[in-house]
Amino acid sequence: MMHRFISVRRLFSETKCSLPCQLRRRCFSQVARNEIDNRDDLVRKMPPFDYSPPPYTGPSADEILSKRKEYLSPSMFYFYTKPLNIVDGRMQYLFDDKGRRYLDAFGGIATVCCGHCHPDVVEAIVNQTKRLQHSTVLYLNHAIADFAEALANKLPGNLKVVFFTNSGTEANELAMMIARLYTGCHDIISLRNAYHGNAAATMGATAQSNWKFNVVQSGVHHALNPDPYRGVFGSDGEKYAKDVQDLIQFGTSGNVAGFVSEAIQGVGGIIELAPGYLPAVYSTIKKAGGLCIADEVQAGFARTGSHFWGFENHGVVPDIVTMAKGIGNGIPLGAVVTTPEIAEVLTRRSYFNTFGGNPVCTSGGLAVLKVIEKEKLQENAFVVGTSLKERLTALKNKYDLIGDVRGRGLMLGVELVTDQKVKTPAKLETIHVMDQMKELGVLVGKGGFYGNVFRITPPLCFTKEDADFLVDAMDYTMEKM
């Protein structure tokens with residue numbers, strides 16, 4: 001039976017009519033005590049962890065917030081009514097300035113894949129920093145070559161030429177430029193609801209007004225989003241793919257530079273592309289002379305569990321793959337990988353990136369690949385993610401506030417709605433649940449165009465006990481609404 005949400009005010013007014021004042025006072029004080037006891041019991045159930053951070057002696061949260069307001073961009077925002085002052089982290093846990101432990105189910109926006117301060121990654125970064133922090137790719141150094149080789153060995157086909165950048169935005173900018181140079185065409189097709197970055201070309205490819213400024217953005221056409229939950233064709237991927245063909249025929253010269261998409265839209269709210277969509281679109285793009293770009297900034301590096309790369313879930317091989325976030329477990333690092341033939345276009349002029357491929361970041365990146373393999377994090381993402389998704393789906397059957405549960409591995413989304421039939425976004429409820437889960441010690445992300453989707457993208461060392469605690473906290477919070 002579905003739980004129906006009754007406001008606290010309404011509950012109080014209904015009870016007030018039927019109880020004497022003294023009894024009512026005792027009744028509500030007992031309810032309050034019981035809720036506090038239940039909450040404390042839940043908090044105590046957080047899985048044990050053998051680490052205590054050293055005492056924090058830095059500035060207070062209020063002091064930091066004051067400096068942010070005075071010296072940093074006013075565009076910066078933060079989660080929670082009372083923002084967290086995070087000062088320490090170990091594996092899947094974060095610690096605030098009071099030493100309180102939080103289960104990190106957001107992973108720094110799908111970035112921390114091995115775990116916070118993973119000793120192997122830290123050791124590789126520190127050792128390289130002690131020896132040589134930076135030189136330039138104009139000299140030889142084994143760190144960049146070793147990592148490029150290891151990365152290329154993780155990709156299918158002839159994808160083996162690597163260009164290193166500092167971020168996902170840089171990687172996508174470079175990929176789009178390569179596609180335009182290689183094909184001699186300017187038009188690129190992206191998806192509605194996509195997010196590919198916030199620079200000149202990538203803002204054009206991004207398709208959410210929340211992230212687009214009123215500046216010139218040319219040459220990008222946005223196709224219907226193959227969204228199984230909100231899309232016009234449900235889960236019929238081939239019907240959505242027909243829109244790409246229409247865009248080419250009626251919006252371009254008939255030839256395009258390329259097509260760019262995420263396998264699972266991250267910022268867009270953990271949207272899995274409808275089955276059958278990518279193979280059909282890739283075929284259409286090839287016929288129009290274009291290149292296919294896979295944006296693996298969030299879905300890559302074993303996060304989906306079943307495969308190392310998100311595009312592999314769709315049975316396609318792209319011409320260009322972009323990556324960042326999980327590639328470095330938190331250090332500024334991104335990459336573009338393509339074929340030798342396509343890579344040749346950058347020799348027409350001089351392409352250079354001062355910090356792309358610096359020895360510290362590439363040493364850290366190689367350590368990440370080794371940790372993923374040594375600790376079988378892809379397998380863990382699959383096993384724990386499958387269990388977590390099953391439990392979240394059970395919550396969906398319990399609460400009509402949950403409209404959809406989706407995603408793969410440890411890249412999951414929970415969309416909240418106030419009406420399941422018309423799918424009205426539950427924006428305020430999402431903020432409330434996030435705040436209350438934080439009070440219980442669980443941190444989740446938020447996304448989607450309407451800001452009503454929980455983004456669950458924890459470090460890949462997440463355990464089944466962690467997953468159960470997360471769901472218990474969400475269950476407890478929704479039950480009390």
Side-chain angles (χ1 to χ4, degrees), residues 42-43 45-51 79 84 86 88-95 100-122 264 266 270 298-308 310 325-330 367-395 405-414 433-434 437-438 440-447 453-477:
L42 179 59
V43 169
K45 288 181 181 177
M46 182 181 287
F49 189 66
D50 188 22
Y51 175 77
F79 281 161
L84 276 173
I86 295 296
D88 211 317
R90 285 297 183 278
M91 302 310 286
Q92 65 269 46
Y93 295 103
L94 292 170
F95 299 83
R100 184 181 177 188
R101 179 162 58 107
Y102 296 87
L103 178 62
D104 181 13
F106 195 27
I109 316 180
T111 298
V112 180
C113 63
C114 299
H116 294 282
C117 299
H118 190 288
D120 292 7
V121 179
V122 170
I264 300 178
I270 316 297
Q298 293 195 34
F301 290 88
R303 180 158 292 282
T304 61
S306 55
H307 296 84
F308 198 84
K325 291 188 183 290
I327 191 175
N329 202 50
V368 167
L369 286 181
K370 291 178 178 178
V371 168
I372 291 174
E373 184 174 346
K374 181 179 74 172
E375 299 184 1
K376 298 181 178 179
L377 294 184
Q378 181 177 326
E379 179 182 334
N380 188 68
F382 178 78
V383 173
V384 175
T386 299
S387 175
L388 176 54
K389 188 176 181 180
E390 287 174 354
R391 286 213 58 197
L392 290 171
T393 301
L395 275 195
V405 173
R406 53 186 179 251
R408 289 174 179 259
L410 289 175
M411 188 171 184
L412 301 175
V414 179
V433 174
M434 275 189 72
M437 288 182 68
K438 184 258 288 185
L440 295 170
V442 179
L443 308 180
V444 295
K446 179 170 69 73
V453 181
F454 290 130
R455 295 165 67 187
I456 301 173
T457 55
L460 304 187
C461 55
F462 219 59
T463 68
K464 185 177 183 300
E465 291 73 25
D466 295 323
D468 286 339
F469 182 71
L470 183 158
V471 178
D472 289 345
M474 189 176 291
D475 188 9
Y476 176 87
T477 300

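Starting from 1, each residue takes its place in the sequence as its number.
- In this structure a side-chain-to-backbone donor-acceptor pair under 3.5 Å is missing from Lys389 to Leu412.
- Atoms CZ and CZ, from Phe79 and Phe106 in turn, are 4.5 Å apart once rounded to the nearest 0.5 Å.
- For the residue pair Phe462 and Gln92, the shortest heavy atom distance occurs at CD1-CB, 4.1 Å.
- His118 and Asn329 share no donor-acceptor pair across their side chains, judged by distance under 3.5 Å alone.
- In this structure, Phe301 has its ring center closer than 6.0 angstrom to the ring center of Phe308.
- Looking at every heavy atom in both residues, Leu440 comes nearest to Ala473 through CD1-O, 3.7 Å.
- Residues Arg303 and Cys113 approach most closely at NH2-CA, 4.2 Å, considering heavy atoms.
- Proximity of Leu388 to Val471: side-chain heavy atoms (C-beta onward) are separated by under 4.5 Å at one or more points.
- Here the side chains of Phe454 and Val433 are in contact, with some heavy-atom distance below 4.5 Å.
- Here the CG-CG distance, from Leu94 to Asp104, works out to 4.5 Å after rounding to the nearest 0.5 Å.
- Heavy atoms only, all atoms of each residue included: Leu470 and Ala105 are closest at CD1-CB, 3.4 Å.
- In terms of heavy-atom proximity, Met91 sits nearest to Cys461 at CE-SG, 3.9 Å.
- Heavy-atom neighbours of Phe382 CZ from other residues, nucleotides or ligands within 6.0 Å: at or below the threshold of 12.
- In this pair, Phe95 and Tyr51 present their aromatic rings perpendicular. The plane angle is above 60°, beyond the 30 to 60° band.
- Here the straight-line distance linking atom CE of Met474 with atom CD1 of Ile456 works out to 4.5 Å at 0.5 Å rounding.
- At distances below 3.5 Å, at least one donor-acceptor pair connects side-chain atoms of Arg406 with backbone N or O atoms of Ile270.
- Here His116 contributes atom NE2 and Thr111 contributes atom OG1; the two are 9.5 Å apart, rounded to the nearest 0.5 Å.
- Looking only at side-chain heavy atoms (C-beta outward), Glu465 and Leu103 stay at 4.5 Å or farther from each other.
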Could you walk me through whether Arg408 and Ile264 satisfy the side chain to side chain contact (heavy atoms under 4.5 Å, CB included) test, starting with their C-alpha distance in whole Å, then the side-chain angles of each, then the deciding distance to 0.1 Å, before giving a yes or no? CA-CA 9 Å; Arg408 289 174 179 259; Ile264 300 178; 4.3 Å; yes

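- Lys438 and Tyr102 make their closest contact through O-CE2, 3.4 Å (heavy atoms, listed as atom of the first residue, atom of the second, distance).
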Verdict with supporting geometry, Val414 and Leu395, side chain to side chain contact (heavy atoms under 4.5 Å, CB included): CA-CA 10 Å; Val414 179; Leu395 275 195; over 6 Å; no

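- A distance of 8.0 Å separates CD1 of Ile109 from OG1 of Thr457, quoted to the nearest 0.5 Å.
- Each of Asp475, Asp466, Asp472 was scored for a salt bridge (Lys or Arg N to Asp or Glu O under 4.0 Å) with Arg391, with one residue passing: Asp472.
- Remark: the backbone N or O of Leu460 is paired with a side-chain donor or acceptor of Asn380 at under 3.5 angstrom.
- For the atom pair CG (Asp468) and OG1 (Thr463), the distance works out to 8.0 Å, reported to the nearest 0.5 Å.
- Between Gln298 and Arg455, the closest side-chain pair of non-hydrogen atoms falls below 4.5 Å.
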